[in-house]
4 protein chains.
Amino acid sequence: MDRRVRASQKRRRLTAAAARVLHGQGVERTTLADIAREAGVPAGNVYYYFKTKDELVRAALSEHRAHLDELTAALEESADPRDRLKGLVKAWVDQRETAARHGCPTGTLAVELGKRADGTLDAEAGAVIRHLLDWAAAQFRALALPAPDDLALTLVSAYQGMSLLANALRDPTVMTREGARLLRWLDALGGPDGPDGPGAR
Amino acid sequence: MDRRVRASQKRRRLTAAAARVLHGQGVERTTLADIAREAGVPAGNVYYYFKTKDELVRAALSEHRAHLDELTAALEESADPRDRLKGLVKAWVDQRETAARHGCPTGTLAVELGKRADGTLDAEAGAVIRHLLDWAAAQFRALALPAPDDLALTLVSAYQGMSLLANALRDPTVMTREGARLLRWLDALGGPDGPDGPGAR
Amino acid sequence: MDRRVRASQKRRRLTAAAARVLHGQGVERTTLADIAREAGVPAGNVYYYFKTKDELVRAALSEHRAHLDELTAALEESADPRDRLKGLVKAWVDQRETAARHGCPTGTLAVELGKRADGTLDAEAGAVIRHLLDWAAAQFRALALPAPDDLALTLVSAYQGMSLLANALRDPTVMTREGARLLRWLDALGGPDGPDGPGAR
Amino acid sequence: MDRRVRASQKRRRLTAAAARVLHGQGVERTTLADIAREAGVPAGNVYYYFKTKDELVRAALSEHRAHLDELTAALEESADPRDRLKGLVKAWVDQRETAARHGCPTGTLAVELGKRADGTLDAEAGAVIRHLLDWAAAQFRALALPAPDDLALTLVSAYQGMSLLANALRDPTVMTREGARLLRWLDALGGPDGPDGPGAR
DNA sequence: TATGAATGAGATTTCATTCAT
DNA sequence: CATGAATGAAATCTCATTCAT
């Protein structure tokens with residue numbers, strides 16, 4: 001295995017480690033040494049792959065976005081957009097233990113980055129969330145529902161809200177309860193009662 | 001005005017400054033000097049009132065809880081619990097600019113504190129959120145709706161979700177759009193279609 | 001009770017508290033607040049009785065010297081100087097638990113003060129020890145023993161040594177064992193074997 | 001000379017500097033900057049080698065113990081245990097100027113560390129002293145004297161006592177006088193009067 | 001590339017001492 | 001006299017980043 005390959009493996013290990021540790025400990029409480037240790041890379045070496053700590057944060061964000069892309073790609077195996085959306089909700093509920101411990105990786109990262117004075121990285125966290133919004137809107141649009149963007153907003157908003165509460169209350173059942181409601185909502189959408197959002201009526 | 005009075009004023013000034021600055025910059029990026037400056041107090045003096053930085057965070061949390069109590073007290077001037085809840089949603093929407101800039105004070109604090117290994121303060125952030133849940137549940141119960149706790153969870157979860165998204169996307173209209181939906185939902189709740197709760201159909 | 005009396009009581013309380021706390025925690029690890037608390041005096045008030053922390057240390061030293069004077073006065077009720085010296089040793093052994101916990105009050109104070117660059121207070125600690133040396137020498141002289149100053153040095157040195165070891169090893173039996181030896185030595189002194197010091201032959 | 005070698009040299013320089021400065025100024029009055037300056041190392045760099053100040057204290061203690069081991073190793077060139085013990089006493093007397101200025105390095109360290117509430121490091125100071133006790137006891141045992149542990153206690157105790165007094169009185173002749181007595185005592189031990197040990201009779 | 005070592009800026013915290021009433 | 005409040009200097013410790021090999 002030549003240098004080039006080993007190097008890109010190390011980069012990948014560092015990226016994955018950054019995603020894990022930053023999710024668990026938050027950006028500000030994570031040191032480069034933490035990430036290096038988790039990746040099994042000597043601390044001084046990190047700078048050959050990432051010039052600054054912020055670049056590691058960026059890499060973690062792209063890792064989360066990649067996970068998201070994998071998930072949506074898998075969901076697209078279903079032909080029915082409604083099934084895709086329900087699959088998304090089920091995937092969220094499956095992650096309930098992680099959510100209760102650390103919240104949504106992207107959402108909590110967005111919160112931390114939003115506190116920065118210089119608005120550099122927070123835009124990138126927002127972009128990952130917008131990516132999810134866009135995907136959800138596309139599904140709602142495929143269902144020929146009105147205001148698909150608003151429906152997407154409602155869905156993703158509910159996800160971020162339930163993740164935050166599960167985390168703040170350290171209670172994974174928050175995910176289960178809200179998840180069940182979202183599934184009912186998705187099933188009812190476009191039915192006789194009109195498309196007014198979750199729990200409409 | 002004697003020493004005693006001035007002193008407790010200073011304590012209050014510090015608490016208010018802590019709440020403001022911690023909301024704006026986050027816990028980890030805020031130094032004691034930041035809070036002292038905002039309060040107009042010499043840095044060394046802060047420790048006369050708060051023995052550690054964590055105590056300032058605690059004070060900020062209690063400040064947020066006090067704000068919440070003020071708000072709910074004002075809402076209780078309405079006799080109708082439904083109006084109270086709608087008033088709550090309107091208050092959230094009124095704060096849309098702040099939410100877009102910094103998110104929900106308590107929610108973002110909970111996210112940051114949740115990243116700590118030592119789980120002391122995050123419980124207190126969770127308690128403030130639970131306080132809001134309890135108040136909302138009481139209103140739903142007064143409306144004789146079934147599963148008032150779940151309804152409260154849905155409502156507060158929606159608030160945290162829309163605040164997080166408004167903040168991550170730097171877009172206050174998220175608050176407006178989701179707020180409008182929540183108002184329609186509250187109006188419809190317990191309506192002609194039976195008391196099935198949110199997401200019914 | 002008039003002000004004057006109350007004031008001097010407070011001064012005495014502070015002095016006693018200083019002696020106690022400085023012995024237990026050492027000079028450098030003791031704050032004025034510690035002493036004020038122990039004395040039941042408000043912190044800001046201490047400065048009316050002692051202008052600096054060093055003056056409190058000085059007061060503690062004089063307290064220890066006063067204790068020493070009380071002890072020697074009591075010992076002088078014995079007519080026989082040898083009994084007086086043996087009484088002194090017995091008093092030391094009686095304090096074995098304190099010695100194991102905190103060492104000799106004056107000795108440990110002298111060690112700490114000896115570390116100061118400016119040789120101000122260490123001389124005063126030395127003076128208390130010299131006072132004990134002088135008293136012991138007087139007893140040896142009264143016994144018509146040769147080189148009473150050396151005998152005193154041996155005795156006091158043994159005391160400081162056994163206190164330090166009892167403290168360092170956290171073992172009060174050091175006091176018991178060495179104390180027993182010193183008693184045998186005092187008994188033997190001036191006997192047929194000559195006055196060559198403790199354990200001579 | 002490569003990095004690795006220079007680094008361990010620096011560590012050694014820091015350890016030696018810590019031993020020197022802590023002996024001279026005491027633990028509490030010594031700052032990390034003092035030690036860094038003495039070692040010719042930038043202050044921020046100290047933490048690369050020692051994570052806390054306490055670790056520097058620990059290193060200083062091990063340095064003192066190493067000195068002690070060197071000394072006893074040299075003494076063991078004498079075949080006669082009595083000569084070894086007399087050599088020890090002579091070494092102490094040779095250090096009289098240092099003792100008068102700063103006391104025994106290990107003894108004064110033990111005193112300071114004994115004042116701490118948290119009893120972690122003081123045990124290590126005690127261990128160094130116990131190490132000396134053990135060595136001395138082994139010599140007395142080799143001389144077939146009864147109660148060698150008590151004899152060792154007497155000897156080491158005398159050393160700590162005379163060091164403390166020399167320091168407190170700023171008088172190196174204390175070491176000379178007590179040292180001479182100890183030499184006579186060692187010579188007489190186990191002599192014509194029977195093996196009753198120190199204080200016999 | 002790789003890596004242990006180095007660095008310095010900055011954060012939290014402590015406390016003797018002084019002030020104002 | 002009394003006292004809560006105030007202050008600033010200094011100490012420990014952390015860490016992102018850079019250096020030298």
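Note that the structure is a prediction, hence the values are computed from the model and not measured. To find a chain, count down the sequence lines: A is the first, B the second, and so on, and within it residues start at 1.
Closest approach to the B:N45 side chain among E:dT3, F:dT7, F:dA5 is made by F:dT7 (side chain taken as heavy atoms from C-beta onward). Taking only side-chain atoms of A:Y48, from C-beta outward, the nucleotide of F:dG4, E:dA2, E:dT7 with the closest atom is E:dA2.
We find that D:D122 and C:R170 are joined by a salt bridge, their nearest charged nitrogen and carboxylate oxygen being less than 4.0 Å apart. Salt-bridge annotation for A:R116 and A:D54: present, with a side-chain N of the basic residue lying under 4.0 Å from a carboxylate O of the acidic one.
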Per-nt protein contacts along nucleotides 10-15 of chain E (heavy atom under 4.0 Å; B base, S backbone sugar-phosphate only, - none) come out as -SSBBS
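In this entry the distance linking CZ of D:R37 with P of E:dT7 reads 16 Å, nearest Å. In this structure, the OH atom of C:Y49 is 8 Å from the P atom of F:dT3, given to the nearest Å. For the pair D:D34 CG and F:dT12 C1', the interatomic distance rounds to 13 Å; values are reported in whole Å. C:F50 has its CZ atom 13 Å from the P atom of F:dC1, to the nearest Å.
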A correct dot-bracket answer for DNA chain F, with pairs being Watson-Crick or G-U at under 3.5 Å, [ ] for crossing pairs and | for inter-strand pairs, is .||||||||||||||||||||
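Shown here for B:V41 and B:R13, the closest heavy-atom pair between the two residues is CG2-NH2, 3.8 Å. Considering every non-hydrogen atom in both C:A59 and C:T15, the closest pair reads O-CG2, 3.5 Å. Minimum heavy-atom separation, B:A39 to B:A17: CB-CB, 3.7 Å.
Side-chain contact between B:L113 and B:L61 is present, with at least one heavy-atom pair separated by less than 4.5 Å. A:T52 has its side chain out of reach of A:Y47: every pair of non-hydrogen atoms, C-beta onward, lies at least 4.5 Å apart.
Residues D:T120 and D:D118 bring a donor and an acceptor atom of their side chains to less than 3.5 Å of each other.
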